[in-house]
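Read the structure below first, then the notes.
Chain naming here is simple, since letters A, B, ... match the order of the sequence lines and numbering starts at 1 in each.
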Protein chains: 2
Amino acid sequence: MDQKDRKILGYLQEDASLSLNDLAEKVDLSPSPCWKRVRKLEEDGVIRKRVALVDQDKLGLPLSVFVLLKTCNHNEEWLEHFADKASSFDEVVELYRMGGDWDYMMRVVVKNIHAYDQFYKKLIKTIPDLCNVSASFAMEQIKYTTALPL
Amino acid sequence: MDQKDRKILGYLQEDASLSLNDLAEKVDLSPSPCWKRVRKLEEDGVIRKRVALVDQDKLGLPLSVFVLLKTCNHNEEWLEHFADKASSFDEVVELYRMGGDWDYMMRVVVKNIHAYDQFYKKLIKTIPDLCNVSASFAMEQIKYTTALPL
DNA sequence: GGAAAAAAGAGAAAAATATTCTATAACAAG
DNA sequence: CTTGTTATAGAATATTTTTCTCTTTTTTCC
């Protein structure tokens with residue numbers, strides 16, 4: 001991965017609908033070697049996938065809730081079971097195992113506070129041994145990008 | 001936006017490299033009406049953009065840090081200035097204004113803890129009047145999807 | 001330093017895909 | 001009904017992606 005690959009990633013991170021010709025031009029290559037690089041980046045898994053980003057508000061799901069969790073149960077099996085179950089909820093768009101005070105944090109996307117409460121009830125029903133659950137509501141999404149710093 | 005549009009979004013959220021023929025087949029349409037729907041979704045801004053998702057680990061940026069912030073300065077101007085400045089950092093991939101104990105939360109993508117510290121120093125230098133800054137480190141990213149629930 | 005091998009690039013041809021166009025079918029309002 | 005509107009299908013055209021071949025550049029090793 002050299003500087004040109006990085007440049008390619010930079011552009012495709014921002015706009016994957018860019019045609020190969022345009023991309024090639026931007027990175028100062030002719031289409032064919034540019035295409036080879038793109039394909040290699042895909043094969044190597046550097047480019048994980050191409051996706052369409054959908055507008056949360058326009059879909060009627062303006063609310064992001066950050067949910068912090070503590071478990072009472074610290075064995076391997078529980079962890080795996082939790083990861084599986086929690087990941088399976090479509091509302092959970094991000095899920096992290098954390099260091100520090102809380103064991104897990106997730107971002108949950110819902111219509112409104114009531115919908116969050118429904119999710120909450122579903123969550124604690126599905127996953128036992130949660131010792132502590134705390135929700136923080138995002139008032140405003142100031143920045144959201146999938147583009148990693150290069 | 002009817003059920004078919006939703007189905008289209010569902011597929012494109014997962015894989016935007018899907019050809020129009022394949023997509024059309026999946027949603028039970030012929031290519032041309034399917035294409036019209038996709039274009040309308042794009043024009044209406046329901047589909048915000050198409051992007052390539054890059055692997056954090058493969059890029060050498062395995063660490064996500066969640067940074068919580070409190071400001072001492074609660075006037076309109078400060079808020080705007082903060083939003084601008086904080087958004088401008090490439091390491092900041094998500095930024096929310098929060099309800100509750102903390103004013104802001106952001107996810108910062110970096111190489112390692114040392115790189116986070118560098119970022120931290122850059123942050124407090126750039127943005128004055130931060131009363132409190134707290135960082136939580138993600139040990140593991142269990143789920144990360146850009147696909148909103150439909 | 002220079003020859004051989006390897007890697008990266010250019011340009012054109014072929015294949016696949018997206019886009020437009022036209023005509024037909026379903027649907028809703030008066 | 002029937003008129004106007006919207007959605008669809010299928011074919012044509014245009015664009016884009018992918019492959020192929022040949023050339024240039026870079027690297028390696030003597």
> Between A:Phe137 and A:Phe66, is the ring centre distance below 6.0 Å?
Replying inline: no
> To the nearest angstrom, how far is A:Leu23 atom CG from D:dT18 atom C1'?
Replying inline: 15 Å
>> For B:Asp28 and A:Asn21, find the nucleotide of DNA chain D closest to each by heavy atoms; which residue's nucleotide sits nearer the 5' end?
In response: B:Asp28
> Which part of the nucleic acid does A:Ser30 contact within heavy-atom distance under 4.0 Å: base, sugar-phosphate only, or nothing?
Replying inline: base
>> Checking contacts here: which listed nucleotide (C:dT17, C:dG9, D:dT8) is nearest the side-chain heavy atoms of B:Lys4?
In response: D:dT8
> Given that A:Leu20 and B:Pro33 both sit by DNA chain D, which one's nearest nucleotide is further toward the 5' end?
Replying inline: B:Pro33
>> Between C1' on C:dA28 and CG on B:Asp2, what's the gap in Å once rounded to a whole number?
In response: 16 Å
>> Just the rounded figure in Å: distance from P of C:dT19 to CD of B:Glu43.
In response: 12 Å
> When the distance from CD of B:Glu25 to P of D:dA9 is rounded to whole Å, what number comes out?
Replying inline: 12 Å
> Between A:Trp35 and D:dT18, is there a side-chain N or O to OP1/OP2 distance below 4.0 Å?
Replying inline: yes
>> Can you measure A:Lys36 atom NZ to D:dC20 atom P for me and round it to whole angstrom units?
In response: 11 Å
> Between atom CG in A:Leu18 and atom C1' in C:dA18, what is the gap in whole Å?
Replying inline: 16 Å
>> Quick check on D:dT8: is either OP1 or OP2 less than 4.0 Å from any side-chain nitrogen or oxygen of B:Arg37?
In response: yes
> Rounded to whole angstroms, how far apart are CZ on B:Arg39 and C1' on C:dT19?
Replying inline: 9 Å
>> Can you tell me how the ring of A:Phe119 sits relative to the ring of A:Tyr116, calling it parallel under 30°, perpendicular over 60° and tilted otherwise?
In response: tilted
> In terms of side-chain heavy atoms, does A:Ser17 have a donor or acceptor partner in A:Asp15 at a distance below 3.5 Å?
Replying inline: yes
> Over how many whole Å does the gap from B:Lys40 atom NZ to C:dT19 atom P extend?
Replying inline: 17 Å
> Between B:Glu94 and B:Tyr96, do the side chains contain an N or O donor and an N or O acceptor separated by less than 3.5 Å?
Replying inline: yes
> Given D:dA9, C:dG9, D:dT19, which nucleotide is nearest the side-chain atoms of B:Leu29?
Replying inline: D:dA9
> Do we see a donor-acceptor contact under 3.5 Å between the side chains of A:Arg107 and A:Ser64?
Replying inline: yes
>> Applying a 4.0 Å non-hydrogen cut-off, can you work out what A:Ser32 is touching in the nucleic acid: base, sugar-phosphate, or nothing?
In response: base
